[in-house]
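When reading the values below, keep in mind they use all heavy atoms of this one structure, side chains included, and skip hydrogens, waters and symmetry mates. This is a predicted model, so every value here is computed, not measured.
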Amino acid sequence: MSRIFEVTDKVRTHDPRADIDMINRAYVFAANAHANQKRSSGEPYMGHPVAVANILASLRLDDKSIVTGLLHDTVEDTAVTLEDIERRFGSEVAYLVDGVTKIGQIRFVSSEHKQAENFRKMILATAKDLRVLLVKLADRLHNMRTLGFLPDRKRQLIARETMELYAPLAHRLGIHWLTQELEDLSFSHLEPEAYFELSTKLADHLDSLNRTRERLEAIMQEAVNRMGCRARVQGRMKHMYSLFLKMQRKQVDFDDIYDLVAFRVIVDDTPACYQTLGIIHSMYRPVPGRFKDYIALPKPNGYQSLHTSIIGPDNFRLEVQIRTEAMHHYAEDGVAAHWLYKSDGLDARDEKNFQWLKQLTELLQESDQPGEFLENVRLDLFVKEVYVFSRDGDLFALPRGALPLDFAYAVHTDIGHHCLGVRINGQPADFTTRLRNGDQIEVITTPEQTPSRHWEQHVRTPRARQAIRQWFRREERDASVRVGDEIMLEVFGSESKVSKEALRALHCADIDELRTRLGRGEIPLDQLMAASKRNAPRRLHLTGTEQGLIRPAKCCLPLPGDKVLGRFEHGKGILVHHQECAVAAAEEGEAWMGVDWRPEEGKLYRTSLEIKTLNRRGMLASVSGAIAELGASIDDLRIHQLAGDMTTLNVLIEVKDRVHMAKLMRGLRAVADVVRVRRNIQLRTSENISQRIGRSLRTLIGSRKDDDEKNREKE
């Protein structure tokens, strides 16, 4: 267990100017707040904040970070308030503690929602002060070290969250040792059997591996010294989780892994890195395709090093990393190695290294769905990179497998929205082209181009996918307001005639809320009519972008131009049925409205055809060829063989509108041996649904007249 004097001794070592008195005061304050609390292990709770402070001191962070580590649980788990902390330790410490503190006193709809909102709060605070995340990672590391005292289900949940969110965050900060320990600890709880088997095998081979490491280390050290290069060679064992992943990826056993040991060669300066690389390659045969220059092209987290693989002494395959002392410190401690808190904010290097944090902040600000947000975060953090260049030579790091639209949205959201096409290395390329290291990409834009629904199939990054979804949500939101305005005007006559009583009856604060809720279909028609005290409109006209709010019913697959009836579905817009649809007719309790549904330019609509033909060779080819010639496309086709020499083709087809469908049906009837062509609509044969709607409206209006007469009698 850590002691507070150990923490303060570490702080004095790396920061002689640190306010040790403030650290000691924070220790006493936290100890009093947690005095009667125990951890799941049965130990006094205060051991945890001291351990967190000790980890932060090992990262050589400033005194306010250490104080935050000591106080980080006081607001969440004791009667202490943020005001208490601000009064005693200042607004800066209070901000850091608040950033690490989970959201309380709020009822969430699900545990996923709660997890998302807590993570959202932490990242937003981190975007303003990176120390929030460093304290949280230290907190999570100590919790993982003591996770064995919790019930199995809770251990699994915390380990999964650590593996998917916090270990990748530590990697993005460049804190190598912290990433590895979080991964290994998570691995031990998520795959306990695999962890035990692998750790047992490593223990059995540990003595021989250490002897091999020491021998190869000495051979390489002597070799580089002999060539006149001043360098320090270090061997290290690969960590457990990376070995497990390698075994899974290559489908091999432990005994088939030959590069269990990796080496670092640490030199004086950058030119010496390249000189040492040449020396090593002259002594040992390099493995083709395994060289990476992260000095010229640093990783997004700022990591720099030369990586190569060689066939070393005794034919051992070795991984070698060559770096300067400064690069080595950054590779181990990441941001903490040079970001001992700067009061004037991030410098130019920091801004570049933490571009990912800015993008992550944008993701969470734009996403309003917790599940989608967490999935985007996992995808955004847990990827390997491909490096590409803009036409002007700017470097962009994207996930492996990224496509041209991912690049366009990485440059700027508006560039993505208006992307018409791309050139890769000077040659035109389509949106399905996979980007490769070193590609130079030019994006061609035009103001007339806007996102298409199928673009989501051609992006891999959460940033691009989120931007496309946000564009459509914004369009649908605007469209719903216009639809709501149209409904309001038809029902009330004008905006000025919407009374305060009507707004209260419909539970709307003002006209804008009424307009929005009407467009979303959140107000039932009968409630709207009761509040308006007017006759119901018989037909609603929708034009332009409002079409996005209309969803054709799957039972009858109506088309623009058909006589259709619609009803509002809460939060989803208007569901339309063919006026004679039997399914709609059976829904006796629904409030229906006539809809004048007009086609949207450039959009195709699904419907179904039944085509009866003679059974002859080449008949299917004739029908499909005629459909293609008439500008339609087949989504699905089912063949039903009838008795005798007849066949029925049920075709799911995409057309522009009812007029296009009529033209298509005439063309199909002209095909030789086509006997009959008709729409696949399950029609109601008894009472016409439009007659039933008229009858319902007359009943509604008649009952209102009766109410009016009764009111007049009372007066």
Side-chain angles (χ1 to χ4, degrees), residues 1-33 46-75 80 82 84-101 125-139 141-142 170 173-178 301-302 324-351 353-354 357:
M1 182 182 293
S2 301
R3 298 287 187 268
I4 190 61
F5 69 84
E6 296 172 351
V7 176
T8 53
D9 285 349
K10 281 185 181 179
V11 174
R12 283 192 185 95
T13 301
H14 73 256
D15 186 5
R17 297 172 299 176
D19 188 344
I20 302 300
D21 178 64
M22 179 175 63
I23 295 174
N24 286 322
R25 284 191 292 108
Y27 170 77
V28 173
F29 182 82
N32 287 330
M46 194 57 201
H48 169 64
V50 174
V52 171
N54 196 36
I55 293 169
L56 295 169
S58 299
L59 285 168
R60 301 188 301 159
L61 294 188
D62 68 312
D63 47 17
K64 291 185 175 63
S65 299
I66 309 301
V67 169
T68 303
L70 291 167
L71 301 175
H72 77 276
D73 275 339
T74 54
V75 173
V80 172
L82 281 173
D84 295 333
I85 290 177
E86 183 172 3
R87 189 164 53 252
R88 287 174 170 82
F89 302 100
S91 58
E92 197 174 323
V93 170
Y95 178 83
L96 295 174
V97 171
D98 184 42
V100 181
T101 302
T126 299
K128 295 181 180 178
D129 195 321
L130 201 60
R131 292 175 295 178
V132 170
L133 181 52
L134 292 169
V135 174
K136 184 61 182 178
L137 287 172
D139 174 43
L141 176 60
H142 185 252
L173 292 180
I175 309 176
H176 186 69
W177 68 268
L178 179 55
N301 61 12
T324 67
E325 197 72 51
M327 293 175 190
H328 178 62
H329 284 309
Y330 191 86
E332 289 302 296
D333 291 340
V335 63
H338 77 283
W339 202 79
L340 302 177
Y341 186 69
K342 302 171 185 175
S343 59
D344 55 349
L346 301 178
D347 59 24
R349 178 185 175 185
D350 293 326
E351 290 284 0
N353 293 348
F354 301 119
L357 183 58

Novice: Report the residues that fulfil side-chain contact (heavy atoms from CB on, under 4.5 Å) with His142, sequence neighbours left out, ordered by chain and then residue number.
Specialist: Arg39, His48, Ala51, Val52, Ile55, Thr146
Novice: When you check the gap from the basic side-chain N to the acidic O, do Asp129 and Arg131 get nearer than 4.0 Å?
Specialist: yes
Novice: May I ask you to test the Ile85-Asp98 pair for a side-chain heavy-atom distance under 4.5 Å?
Specialist: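 When only atoms from C-beta onward are counted, Asp98 and Ile85 do not touch, as no gap falls below 4.5 Å.
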Novice: The criterion is side-chain contact (heavy atoms from CB on, under 4.5 Å); which residues satisfy it with Asn54, sequence neighbours excluded?
Specialist: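 Only Ser2, Val7, Lys10 meet the side-chain contact (heavy atoms from CB on, under 4.5 Å) criterion with Asn54.
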Novice: Is the shortest heavy-atom distance from the side chain of Thr324 to the side chain of Tyr330 under 4.5 Å?
Specialist: no
Novice: Could I get the full list of salt bridge (charged side-chain N to carboxylate O under 4.0 Å, His left out) partners for Glu86, not counting sequence neighbours?
Specialist: none
Novice: Under 3.5 Å, side chain of His329 to main-chain N/O of Ala326, donor-acceptor pair present?
Specialist: no
Novice: Please identify each residue that fulfils side chain to side chain donor-acceptor pair (under 3.5 Å) with Ser91, with sequence neighbours left out.
Specialist: none
Novice: Considering non-hydrogen atoms only, spot the tightest contact between Pro49 and Leu70 and give its length.
Specialist: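 Smallest heavy-atom distance, with atoms named: CB-O, 3.4 Å.
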Novice: With heavy-atom distances below 4.5 Å as the criterion, would you say the side chains of Leu71 and Leu96 are in contact?
Specialist: no
Novice: Arg88: what forms a side chain to side chain donor-acceptor pair (under 3.5 Å) with it, not counting sequence neighbours?
Specialist: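 Here no residue qualifies.
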Novice: With sequence neighbours excluded, what pairs up with Asp139 under the salt bridge (charged side-chain N to carboxylate O under 4.0 Å, His left out) test?
Specialist: Lys136
Novice: Quick one, Thr68 with Tyr95, criterion side chain to side chain contact (heavy atoms under 4.5 Å, CB included). Give me CA distance, side-chain angles, the key distance, then yes/no.
Specialist: CA-CA 9 Å; Thr68 303; Tyr95 178 83; over 6 Å; no
Novice: Could you pull out all residues at least two apart from Asp9 that satisfy side chain to side chain donor-acceptor pair (under 3.5 Å)?
Specialist: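 By the side chain to side chain donor-acceptor pair (under 3.5 Å) rule, Asp9 matches Arg12.
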Novice: Check residues 19-30 and write down every donor-acceptor pair under 3.5 Å in which the side-chain atom is one partner and the other belongs to a residue at least two apart or another chain.
Specialist:
from: Asp19; atom 1: OD1; to: Asp21; atom 2: N; distance (Å): 3.3
from: Asp19; atom 1: OD1; to: Met22; atom 2: N; distance (Å): 3.0
from: Asp21; atom 1: OD2; to: Arg25; atom 2: NE; distance (Å): 3.3
from: Asn24; atom 1: ND2; to: Ile20; atom 2: O; distance (Å): 3.4

Novice: What residues form a salt bridge (charged side-chain N to carboxylate O under 4.0 Å, His left out) with Asp84, not counting sequence neighbours?
Specialist: Arg87
Novice: Provide the closest heavy-atom pair for Leu56 versus Ala138 in the form atom of the first, atom of the second, distance.
Specialist: CD2-CB, 3.7 Å
